[in-house]
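Note sheet for the following structure.
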Amino acid sequence: MRPVKLASMSEEGKKEQPERAKTVDGLEKKWTQWWSEKKIYEYRGKSRGSTYSIDTPPPTVSGHLHVGHVFSYTHTDIIARYKRMKGFDVFYPMGWDDNGLPTERRVQNYYGVYVDTSLKFDPSFVPPLEGGKAGKDFKPAPCSRENFIKLCEGLSQKDEEQFKNLWVELGLSVDWSRTYHTIGPECRRISQLEFLRNLERGEAYQKAAPVLWDTTFQTAVSQAELESREYPGFYHTLLFRADGGKVAIKTTRPELLPSCVALIANPKDPRYGRLKGKKARTPLFGVEVPILFHEAVEMDKGSGIAMCCTFGDATDVEWWKELSLPLRPILTKAGRICASVPEWIENEAGKEAFEKLEGLTVFSARKEIASLLKGSGEMEGEPVPTSRMANFYEKGSKPIEILPSRQWYIANGSHDEKLRRDLLRCGEELSFHPAFMKRRYDNWVEGLSEDWLISRQRFFGIPFPIWYRVKESGEVDYLSPIRALPADLPVDPSSSAPQGFEEKMRGKPGGFVAEPDVMDTWAASSLTPLLASGWKKDENLFEKAFPMDLRPQGQDIIRTWLFDTVLRTWLEFKELPWKDATLSGWILDPDHKKMSKSKGNVVVPKEPIEEYGADAVRYWAACARLGVDTAYDEGEMKIGRRLANKILNASKFILDLKPDEADFSLVTSPLDLSLLSALFEVEKKAACALEAFDHALALQETEAFFWSFCDDYIELVKDRAYRKDESALNALRLALDALLGLFAPFLPFVTEEAWHWAHPKGLSVHLSSWPLPLEDKAGAEGFENAAFFLSLLRKRKSEGKVSLKTEVKKAKIFGPGAKEARIADQDLKAAVHAKEIEFDPSPLQAGAEIEF
RNA sequence: GGGCGAUUAGCGCAGCGGUAGCGCACUUCCCUGACACGGAAGGGGUCGCAGGUUCGAUUCCUGCAUCGCCCACCA
């Protein structure tokens, strides 16, 4: 990190100017406190029409934030502040996503514990660690599910406090009286309630089917959570016996050979036509399997004939369904070969071979079976290394397996064309910013092949409000679940009994058992618009805040958070959850690599905020448009800091000359009126850009004008201002007030500071109205041309290598624009220190000359 | 293989049918009564490549290349 040398300088500054800050240092603390005391960002709940509501992304609470968060949340805050100044009552809540796997993992490491579901709650349980620093021989301690959840809740609360501090320091104008968290009771209640409604309407259902399974976390996962990665493997050529000869099968998964149910070739493949109706025997195990034909077999892949297992990949599932093949699972949920010989392996040699595989992981079983095959002469050659793409659970480290199991689903249009069309139409109606992001939504909806699998075999999540009857035989009846009553929500079925049952009937014949699973974390997050706006809790609020106006989020979670929210809102209300969705880009490190913990290139946001100030960090974020990947750039923060300081200095200068409120009617000089007209144009452009969520353009317009205001206008009118010319003083003051307003959404701290110098008894600049009250009386051309020629004259002096204050005999201004610039003749004369100035509009080329 | 985005000065980015812009960095000058944590000025680009449309293309179209992301491909 760079050396910090600002502290000592700022102290000096403070000594000289006790009441007016000279630099931006320390403004964060002062104003966040004041904003909080005065409840500046409180949602007042006036009316539906005046409400602007934002579906803030609840950040995952699992450790530390990085500058990527600061980046996108700043974009949203700019819009929130702009809308507030436009007169909207901004509903800007904050949520915390503390539900789900990231929290579980963090708690396991932080406290050194793991869940043992056989344990009962122990109120005196003390975790072995605090802070996650384990010694060499440390062994994690088991605890009950309930103890574990308590630890999760405790730790996420601590993390949330830290997150909040950072958001406050960054100046997010969130209404902190409106927060929610996804494991909180209200979120559990709403998630369970909406699930029951989905179930009632037939949108939620359970079925036993092959599912995507992560063997490390031992849970089912959904299509949206998959990620494909390069994974090394080996091609093994297995020799099946068929039709008196041998059939070679190329596979990367020989360990699944015991679960082989068929060999399948393409019906058009001449090599295998002779095998029609014939059977084959598997190597090692001698199991008889049919030789079948299916179009999906690619003739040029491998040997053109595949073995179909339970289940090697999605194609196996397809064949299993379409060809009505038997189910022969051999993998456990932990990803190991099962511990007893399956009944379909009948011959002794086969049984013996299988026993050698029992309990092995997929990885070890693969090696073992290869050596067995080699021993029996049923493998051709050696395994050939290959690299292929394999599907992983995005948080997992081993490839996904496909295992048959009973799970809960929510319909998402994958098997329902009407629903799919409805959801595509939702995409049409939602405004994406930038617009091209819509294609990602469309692609996802069009490509959906399975309904949304929402059950997870985890602990720290929202339980399903469901129990099952236990038949007299002791068998669990999954077909008719017992639903919780809406009034009882939230419920934890593992600790409370369903209506009509007593707790002692749990697990007994004639009694009940709880659904042990919890919901996918997205099942809760997909309800954030309902949660935040008080659905089924505060109907008065809900009526005003829902549907919401804005959903800001990352582009990587369009297929999850955005789609899931659209889906669930559509199922419940048949309408969109929001009007606009803004998508921020990635933050890259200075070498244009994506920032990630594993690469160790993450920047913790506290450091730049402390070094450059929150306004400067916000400036860096604001310079990047939505959807554009942006490099972390401290240079940009330095510029932001310089701009913020410049705003303080310009304000001080103007306010020393004109401390009281301005009066537009006293602005009479044509140059001053023209300056205000130019500002009028800038305000219109900035507002227009912000309406289109183009904060970067709004900032650029404002900033460019501000520099010209300082360099040109202030220099032009300085002389008059010193002589207390009312027109100049009032124009300066009006422009200052307007500029502070224009900068306020971007640089909330420095603008608030200067605003209070200007309006000592006034309210916050952030509650002032967006500045557009000025009249365009003169057109901007006068000021623009005067500024242009002033700049030319400065250039002549610079070329003459003289100080700008050097007196000159005569200045000449000529060419196009000279006529317009004439409105500033006296001001130009004073600014250039010229005794005489001549205007000549006749030449075709604009220029300026100086006689020294 | 399909889709999306990017390619403009050393770096970071705007722009978009009509003599190339901003900021940083670089060079020169200036402690000028807001600001030296500052200011003024200057040098620097055949706008990825190849075609096409047009009076005119950095801008529109087509193809290609490179980079990034998403989806499909797992026998």
Side-chain angles (χ1 to χ4, degrees), chain A residues 5-6 9-10 12-13 22-25 223 226-228 231 233 235-236 238 249-254 256 263-265 296-298 301-309 312-316 319 386-391 399-400 434 436-440 442-444 446-447 449 555-556 558-559 585-586 588 590 592-594 620 623-625 627-631 633-636 638-639 641-657 696-697 700 703-704 707 710-711 714-715 718 721-722 791-792 794-806 831 833:
Chain A
K5 9 171 200 184
L6 299 160
M9 291 187 226
S10 71
E12 268 169 44
K22 215 174 169 186
T23 75
V24 297
D25 295 318
Q223 192 185 349
L226 289 190
E227 183 174 287
S228 46
Y231 191 70
Y235 275 120
H236 302 68
L238 313 190
I249 301 284
K250 258 181 146 181
T251 178
T252 55
R253 304 217 51 188
L256 292 179
L263 295 186
I264 303 177
V297 178
E298 292 176 39
K301 211 168 211 176
S303 55
I305 181 162
M307 69 170 184
C308 175
C309 303
D313 60 31
T315 325
D316 284 351
W319 290 330
T386 169
S387 186
R388 65 207 175 103
M389 296 306 282
N391 276 331
I400 284 288
F436 69 79
M437 292 289 181
K438 178 180 171 295
R439 288 303 292 269
R440 302 194 183 181
D442 293 343
N443 288 345
W444 177 250
E446 282 159 10
S449 59
Q555 54 180 324
D556 50 329
I558 290 174
R559 64 178 179 166
W586 298 112
L588 311 170
H592 283 219
K593 300 262 160 36
K594 198 178 144 189
W620 158 72
C623 284
R625 290 170 305 152
V628 177
D629 294 348
T630 302
D633 184 0
E634 296 198 357
E636 205 77 13
K638 285 184 197 163
I639 301 164
R641 185 181 167 86
R642 192 181 61 154
L643 172 65
N645 281 333
K646 184 93 175 172
I647 290 172
L648 284 183
N649 279 310
S651 302
K652 192 150 58 91
F653 173 69
I654 293 169
L655 292 169
D656 281 345
L657 293 163
L697 180 60
Q700 195 192 312
E703 193 185 356
W707 284 105
C710 291
D711 296 348
I714 291 183
E715 293 307 321
K718 237 176 197 174
Y722 286 135
S791 162
L792 271 184
R794 270 201 300 255
K795 189 170 168 178
R796 297 287 168 258
K797 282 197 172 177
S798 187
E799 284 162 356
K801 305 219 171 189
V802 296
S803 158
L804 289 176
K805 67 173 182 184
T806 308
H833 302 275

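Lettering of chains follows the sequences in order, A, B, ..., and the numbering in each one begins at 1. Excluded from the calculations below are hydrogen atoms, water molecules and symmetry mates; all remaining heavy atoms, backbone and side chain alike, are included. Everything quoted here is computed from the prediction, not taken from an experiment.
The partner of B/U53 cannot be assigned: no Watson-Crick or G-U wobble pair with both contacts below 3.5 Å exists in any strand. The pairing partner recorded for B/C64 is B/G48, the criterion being a Watson-Crick or G-U wobble arrangement whose two distances lie under 3.5 angstrom. Base pairing of B/C35: no nucleotide in any strand meets the Watson-Crick or G-U wobble criterion (both distances under 3.5 Å). Base-pair partner of B/G1: B/C71 (Watson-Crick or G-U wobble, both distances under 3.5 Å). Judged by Watson-Crick or G-U wobble contacts below 3.5 Å, the nucleotide B/A20 has no partner. B/U27: Watson-Crick or G-U partner is B/A41, with both key distances under 3.5 Å.
Within 4.0 Å of A/Asn645, counting heavy atoms only, lies at least one base atom of the nucleic acid. Using a 4.0 Å heavy-atom criterion, one finds that A/Tyr235 contacts the sugar-phosphate atoms exclusively. Base engagement by A/Glu298 is indicated by at least one non-hydrogen atom pair under 4.0 Å involving a base atom. Across all strands shown, A/Cys710 has heavy atoms under 4.0 Å from base atoms, whether or not it also approaches the sugar-phosphate. Within the 4.0 angstrom heavy-atom criterion, no nucleotide atom of any strand lies near A/Glu227. When heavy atoms are screened at a 4.0 angstrom cut-off, A/Trp620 is found touching no nucleic acid atom at all. Among the protein residues, A/Ser791 comes within range of the sugar-phosphate backbone only, with heavy atoms under 4.0 Å from sugar or phosphate atoms but none that close to a base. Residue contacts shown for A/Arg439 are limited to sugar-phosphate atoms, with no base heavy atom under 4.0 Å away. A/Thr252 comes within 4.0 angstrom of the backbone, heavy atoms only, and of no base.
Look at CE on A/Met437: it is 12 Å from C1' on B/G68, rounded to the nearest Å. Spacing between atom CZ of A/Arg440 and atom C1' of B/A72 amounts to 16 Å, rounded to whole angstrom units. Across the protein-nucleic acid pair, A/Asp711 atom CG and B/A40 atom C1' stand 9 Å apart, rounded to whole Å. Counting to the nearest Å, the P atom of B/G5 and the CG atom of A/Asp629 are 13 Å from each other. Summarising the geometry, the separation between CH2 on A/Trp586 and P on B/C4 is reported as 19 Å, rounded to the nearest angstrom. Per the geometry, CG belonging to A/Leu697 stands 14 Å off C1' belonging to B/G21, to the nearest Å. Atom CD in A/Glu634 sits roughly 15 Å away from atom C1' in B/C11 (whole-Å rounding). Distance, A/Phe653 CZ to B/G39 P: 15 Å, rounded to whole Å.
Look at A/Arg642 and you'll find a side-chain N or O under 4.0 angstrom from OP1 or OP2 of B/C24.
A pairwise comparison of heavy atoms in A/Val297 and A/Gly304 identifies CG1-O, 3.4 Å as the closest pair. The heavy-atom pair separating A/Asp316 from A/Met307 by the smallest distance is OD1-O, 4.0 Å. The shortest non-hydrogen separation linking A/Arg253 to A/Gly312 is NH1-O, 3.7 Å. Of all non-hydrogen atoms in A/Thr386 and A/Thr252, the two that sit nearest each other are CG2-CG2, 4.2 Å. Nearest heavy atoms, A/Asp629 versus A/Leu588: CB-CD1, 3.9 Å.
In this structure, of B/A14, B/C37, B/C73, it is B/C73 that holds the atom nearest to the side chain of A/Lys301. Nearest nucleotide to the side chain of A/Ile639, out of B/A40, B/C24, B/G5: B/C24. Nearest nucleotide to the A/Lys646 side chain, out of B/C74, B/G42, B/G38: B/G38. The side chain of A/Val628 sits closest to B/A14 out of B/C35, B/A14, B/A41. Distance from the side chain of A/Arg794 is smallest to B/A40 among B/C74, B/A75, B/A40.
Spacing of P atoms, B/G45 relative to B/U62, comes out at 32 Å, to the nearest Å. Taking atom C1' in both B/C24 and B/A9, one finds a spacing of 12 Å when rounded to whole Å. For the P atoms, the distance from B/C22 to B/G42 is 10 Å, rounded to whole Å. Across B/G68 and B/C16, the matching P atoms stand 28 Å from one another, rounded to whole Å. Nucleotides B/A14 and B/C74 have their C1' atoms positioned 44 Å apart, rounded to a whole Å. The P atoms of B/G51 and B/G10 are separated by 24 Å, rounded to the nearest whole Å. Comparing the same atom, C1', in B/U19 and in B/U59 gives a spacing of 15 Å after rounding to whole Å. B/U58 sits 43 Å from B/C73 when the P atoms are compared, rounded to a whole Å.
A donor-acceptor pair under 3.5 Å is absent between the side-chain atoms of A/Ser798 and the main chain of A/Arg794, judged by distance alone. With hydrogens and angles disregarded, no donor-acceptor distance shorter than 3.5 Å links the side chain of A/Ser228 to the backbone of A/Leu226.
Along RNA chain B, the nucleotide nearest to A/Ala314 and the one nearest to A/Phe436 differ in position, and the one closer to the 5' end is contacted by A/Phe436. Each of A/Cys623 and A/Lys718 has a nearest nucleotide on RNA chain B; the 5'-most of these lies closest to A/Cys623.
A/Arg641 and A/Asp25 are joined by a salt bridge, as a carboxylate oxygen and a charged side-chain nitrogen come within less than 4.0 angstrom of each other.
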